[in-house]
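Structure first, commentary second.
Proteins come first, then strands; the chains are lettered A, B, ... in the order of their sequence lines, and each starts at number 1. Excluded from the calculations below are hydrogen atoms, water molecules and symmetry mates; all remaining heavy atoms, backbone and side chain alike, are included.
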Number of protein chains: 2
Amino acid sequence: MGTFRYEALEVLLRQQIQTGRYKIGEKLPSVRTLCKQHELSKATVIHALHKLEADQLVYAVPKSGYFVAESGADFNTPQKVSTPSIPAQVNVPDIFRDIMSRSAAFDILPSDGSTPAAQHLINLNRMIGKASRSHPEQKAHYYDEPKGHVGLRSAIVDLYRQRETSLSVDDLCITSGCQHALFLALMATCQKGDTVAIESPAFYGALQQLEQLGLHVIEISSDTNKGLDLQELAEKIQDWPIKACIVTPNFHTPTGSKMPLANMKALVKLANQHDFYIIEDDIYGELRFRSELCPPIKSVCDEGRVILCGSFSKCLSRELRIGWIAGGLLHHKIVQLKLITQLASPQAVQEGLAEFISQGHFKRYVNQHRQQLKEQRDQLLAELKRNWGTQIKFTKPNGGLSCWVELPDHIDTKQSYKVLLEKGIVLTPGVLFSAHGLYKNHMRLSFSQPLTERRRAALHLLFQTLLTNQ
Amino acid sequence: MGTFRYEALEVLLRQQIQTGRYKIGEKLPSVRTLCKQHELSKATVIHALHKLEADQLVYAVPKSGYFVAESGADFNTPQKVSTPSIPAQVNVPDIFRDIMSRSAAFDILPSDGSTPAAQHLINLNRMIGKASRSHPEQKAHYYDEPKGHVGLRSAIVDLYRQRETSLSVDDLCITSGCQHALFLALMATCQKGDTVAIESPAFYGALQQLEQLGLHVIEISSDTNKGLDLQELAEKIQDWPIKACIVTPNFHTPTGSKMPLANMKALVKLANQHDFYIIEDDIYGELRFRSELCPPIKSVCDEGRVILCGSFSKCLSRELRIGWIAGGLLHHKIVQLKLITQLASPQAVQEGLAEFISQGHFKRYVNQHRQQLKEQRDQLLAELKRNWGTQIKFTKPNGGLSCWVELPDHIDTKQSYKVLLEKGIVLTPGVLFSAHGLYKNHMRLSFSQPLTERRRAALHLLFQTLLTNQ
């Protein structure tokens, strides 16, 4: 059998990367250069590069080119867990409510004491305070319009434009955080008893929504690198038609996986073919550690099938309670649902936040925050590798707030939840992330907080408890 | 047939009030004195007083006694409109979305310019600002617990204690305004296709929720004085079993009616007999103009059948977006629904508001606000009576923000909506308040704003348009 011309180039570049001809972070020759060198068409070269990108060997930086990605191969990554072939109703464990009530889902040691206020929060508070002193009588007497403050929507449009995504202010509606946005998306797309596809492992907040709304869930394996397994999705929806698929393409929690652009396009194609909506959770979209732009799925869908949900909770402050939704085909209905669930959003917070973004404070902060998170990721992973590298497997995300840890098969992370809690340590067990009770020997670890000495000690106590007590 | 002993006393007191023996606002003799004078038992005297209270001839002031109520008889009040005997699905007119997007539901002239900030808003903003500067890192990194800030819940418990209602902090959950609370209550009590009883006319925000949730509505006549017609409710639920009844006992919008205590008790009895929940909208509960305490229905129900919903939007500021829900039997479920719809409430707003209430600012402000609203009501009603008293009928509420106006039969208030809007005047037409398209010749008028010269002129233009153009 003959080889396609792009395959030869792909094989060559793959070898060159794997043998170190191109180092991590190094730029590959431009498309133009590769065309000339190999006497290939532009389309063929791009096809080869897309294949490498889909395998996470390279990543694209717009207007710059393709760069060699870290291989992440100096430790073991979690294995694929096979998912049941039939849908289930969700039954969220009580432990979830306990974790939520401790407001601690992203910190193993929530009692680490308060740190002094960072300058960006002081600035943000100042701008919100100023907005609240502007026309306070007006604000006290009149509700905001249902879609939310137009200045803030315009600022969000700008943030997406920088990620190669074209939106208008009318495409957006402000919500009370991403959870509210996801809720509106599910209300707009599903009726009780309908089936929804989710990534497995999945975000537990969405699982709880599915439980409360009486929806059925079909779990689709999510690769710890590339995210949602599209082939598995295509197979399962033959038997179990779905109304919606919830997906976090950019830095999925808990694994930190990132869906390649080609997979995004394939997912949109599936949605069009099988008449379902893509509910895109973009809450980690701004938290990328590399120079790639991480456009959302929304950017590759012209048919309005993607309902884009996001929030400032993870990239700026959980206190704002400000998120957004761009509902595509269902946007009008979604704005009505916003109105009946919340009537209106607070105005001063939106005004102050719009000012914070338009003055460039957000961009400055989030740049610095990404760097800090990346360093915290490296600290945490180094600690994991050094101390427990032979016993555990974990992911190395290129964005987001957390990695996914697989422990030896006989360990049940949920069993240690209570005993650790008595020591002030909050463990986020793997079973939280499945509708079918998968991932008993997994847990999510977050690098959203610095690995202080106290957190380091907590981490040791955590692994000691998990690895020796069971 | 013999007369009950209480009836003789009731008849006597009724005559004495109607003939002016006791003047408006005058205190009746104490229960003890009446017992002695008429040689009756305490129970008999109280029974007679309750009958007078149910007829709105007197009102009770706890620890003080019974006072003669205004008769409200110097102008015509709207007539009862008979309601259809079968449920309907709601179809909210587009005009509603238009009014909402103008954030103008309670002001005929939203462009009246901004007034300087009142001291209470400056204080409130200061306290919220202070709270936002306290532990900002903590707030930015950790969500509030699902039920909301315990200090604010405790302050709300105190407010209800002053209205003879016993709640604990665990009975309450903070929401994003009363609309959010009502939504959670409907989600907790109903499934798509269920039937809900509402007062007719009804709050349009609730009607829109019922529409979006696919619920059926049975309209129950609401007396412009005493509110929900319990006999009609009892009859209709024989044929159309309901899951919930939404009721605003204290200063119902649009009529301003106030449900007597005896009717509250009868409604609770019906709910227990027929296994439905009472969704109590208490958003106007603090806006009473007389010295009565206006306890909510919750205060007379020990069985947990009442889901109490409220908010600071109408009695303090719409900008706060802070409400509450006490879900009784369904409270645990309701807290879960809060979690999936909003995750958490913003913390600084809750902390600042708790401080504002506990320092006595809220009580001072609301006392002054009640007085102001009462004066604005009198101004508006005097204007109505003087200019259009022979052509229109209207209510005289003892609390709340609005009165209900009935125009001659041939007038269709909705028809004038657009032409008035072009002149900057926002009319709230009667059809908004019915699921069956009733109240074509009605409208709501609010006295939430002072009757400035510009608003007076707008009012004249409004009536001129309505009464002469059709």
Side-chain angles (χ1 to χ4, degrees), chain A residues 97 100-107 110 114-118 121-122 125 128-129 132-133 135-147 176-177 179-180 183 187 191-192 205 208-209 212-213 313 316-321 336-337 339-349 448-449, chain B residues 97 100-107 110 114-118 121-122 125 128-129 132-133 135-147 176-177 179-180 183 187 191-192 205 208-209 212-213 313 316-321 336-337 339-349 448-449:
Chain A
R97 311 183 214 288
M100 290 310 295
S101 73
R102 280 168 214 287
S103 358
F106 275 103
D107 190 359
S114 50
T115 31
L121 289 180
I122 296 172
N125 276 338
I128 294 171
S132 72
R133 289 188 300 277
H135 303 291
E137 287 285 340
Q138 193 78 9
K139 292 187 172 86
H141 279 105
Y142 304 98
Y143 293 112
D144 188 31
E145 66 172 307
K147 280 189 178 178
S176 184
Q179 184 92 346
H180 188 207
F183 179 79
M187 287 280 289
Q191 303 279 353
K192 189 178 176 176
Q208 220 212 1
Q209 292 181 325
Q212 293 290 327
L213 292 172
S313 293
L316 182 57
S317 166
R318 286 161 181 78
E319 168 71 350
L320 293 168
R321 309 306 307 120
Q336 298 313 314
L337 290 168
L339 190 61
I340 67 157
T341 53
Q342 204 205 2
L343 205 58
S345 304
Q347 300 167 75
V349 173
S448 73
Q449 298 290 330
Chain B
R97 311 184 213 288
M100 289 310 296
S101 73
R102 281 167 212 287
S103 357
F106 276 102
D107 190 358
S114 49
T115 32
L121 289 180
I122 296 172
N125 276 338
I128 294 170
S132 71
R133 289 189 300 277
H135 303 291
E137 287 286 339
Q138 193 78 8
K139 291 187 172 86
H141 278 105
Y142 304 98
Y143 293 113
D144 188 31
E145 66 172 307
K147 280 187 180 180
S176 184
Q179 184 92 348
H180 187 207
F183 179 79
M187 287 280 288
Q191 304 279 352
K192 189 179 174 175
Q208 219 213 1
Q209 292 181 325
Q212 294 290 328
L213 292 172
S313 293
L316 182 57
S317 166
R318 287 162 181 77
E319 168 72 350
L320 292 168
R321 309 307 305 122
Q336 298 312 314
L337 290 169
L339 189 62
I340 68 157
T341 52
Q342 204 206 4
L343 206 59
S345 305
Q347 300 166 75
V349 173
S448 73
Q449 298 290 329

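- Your options are B:G129, B:A348, B:G205, B:S448, and the one with the most heavy-atom pairs under 4.5 Å with chain A is B:A348.
- Per-residue counts of heavy-atom pairs under 4.5 Å with chain B were compared for A:H180, A:K139, A:K147; the largest is that of A:K139.
- In this structure, the portions of B:R318 lying under 4.5 Å from any heavy atom of chain A include both its backbone and its side chain.
- When heavy atoms are compared at a cutoff of 4.5 Å, A:K192 approaches chain B solely by way of its side chain, counted from C-beta outward.
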_Using side chain to side chain contact (heavy atoms under 4.5 Å, CB included), reason through B:Q449 and A:H141 one step at a time and then give a plain yes or no._
CA-CA 9 Å; B:Q449 298 290 329; A:H141 279 105; 3.2 Å; yes
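- A:Q179 places a side-chain N or O within donor-acceptor distance of the main-chain N or O of B:L339, the cut-off being under 3.5 Å.
- Heavy atoms only, all atoms of each residue included: A:A140 and B:L316 are closest at CB-O, 4.3 Å.
- A:L121 CG to B:Q138 CD: the interatomic distance, rounded to the nearest 0.5 Å, is 12.0 Å.
- Here the rule is side chain to side chain contact (heavy atoms under 4.5 Å, CB included) with A:R321, and of B:S345, B:S176, B:P346 only B:P346 fits it.
- When atom types are taken as modelled, the side chain of A:Q342 and the backbone of B:G177 share no donor-acceptor pair closer than 3.5 angstrom.
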*Starting from the C-alpha separation in whole Å, work towards a yes-or-no answer on side-chain hydrogen bond (donor to acceptor under 3.5 Å, both in side chains) for A:Q336 and B:Q208.*
CA-CA 9 Å; A:Q336 298 313 314; B:Q208 219 213 1; 2.9 Å; yes
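- Residue A:N125 holds its CG atom at 12.0 Å from CD1 of B:I128, rounded to the nearest 0.5 Å.
- A:L343 CG to B:F183 CZ: the interatomic distance, rounded to the nearest 0.5 Å, is 13.0 Å.
- With sequence neighbours excluded, the residues satisfying side chain to side chain donor-acceptor pair (under 3.5 Å) with A:Q347 are B:E319.
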*Stepwise, does the side chain to side chain contact (heavy atoms under 4.5 Å, CB included) test hold for B:Q212 with A:T341?*
CA-CA 10 Å; B:Q212 294 290 328; A:T341 53; over 6 Å; no
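- Side-chain contact between A:I122 and B:R133: absent, with no pair of heavy atoms (C-beta onward) separated by less than 4.5 Å.
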